[in-house]
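The next block holds one structure in the form of structure tokens; read it before the comments.
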Amino acid sequence: MKEGPGLYDMLSSVIGEYLELKTDGIRRKSLTGLSVALGRALCILIMAMLLMLILFVVSIALTVIIGNAAGGWGNGALIVAGLYVFIFLIVFLLRKRLFVNMFANLFGAMEDEGPDSGQQWKPVLLALVRYIRSRLDDTAE
């Protein structure tokens, strides 16, 4: 009679391989999520910097235009500053609706984008059972 590995050895090797594959899957999924998050953060940062540059140029132009109409650049600067204070107050009052909900939706969408949609265990368990059967059939012969 052929002396082969026992059931315990086969199960431990199969479970070890399964855990290794699962760890690789988790690592791949976390790297994918991290790259998506960093890509979006970089895009938002670049867009914010461009928006600040545009806002700066528009502010200078408004200060000059309003200053010429109001009798001096100082008066124009005060009017533009008042406009920005008003915009800041609106953003401050709507901050929860604008920012918190936006980031909650963003991270919720990132979770839903994953390739695993709840059906991840069925093919893995089926493959695991098939592998164990094939190993048992090999040792029985």
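Since the model is a prediction, treat every value here as computed from it, not as a measurement.
Asp24 and Arg27 get closest at one heavy-atom pair: OD1-NH1, 3.1 Å. Residue Trp73 comes nearest to Thr63 through the heavy atom pair O-CG2, 3.7 Å, listed as atom of the first residue, atom of the second, then distance.
Exactly one of Leu38, Ile46, Ile44 qualifies for a side-chain contact (heavy atoms from CB on, under 4.5 Å) with Leu42. That residue is Ile46. Residue Val80 forms a side-chain contact (heavy atoms from CB on, under 4.5 Å) with just one option from Asn75, Ile66, Val64, Ile60, and that option is Ile66.
A 4.5 Å side-chain heavy-atom check between Met49 and Leu53 finds every atom pair outside the cut-off. Side-chain contact between Leu19 and Ile15 is present, with heavy atoms from C-beta onward closer than 4.5 Å.
Hydrophobic clustering places Ile54 together with Ile87 (ILVMFWY residues linked when any side-chain heavy atoms are closer than 4.5 Å, directly or through intermediates). Hydrophobic clustering keeps Phe56 apart from Val58 (ILVMFWY residues linked when any side-chain heavy atoms are closer than 4.5 Å, directly or through intermediates).
Separation of atoms CG (Leu93) and CZ (Phe88) is listed at 9.5 Å; rounding is to 0.5 Å. With rounding to the nearest 0.5 angstrom, the NZ atom of Lys22 is 15.5 Å from the CD atom of Glu17.
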(request) Carefully, step by step, assess Leu83 and Ile79 under the rule side-chain contact (heavy atoms from CB on, under 4.5 Å). (result) CA-CA 6 Å; Leu83 177 69; Ile79 293 172; 5.9 Å; no

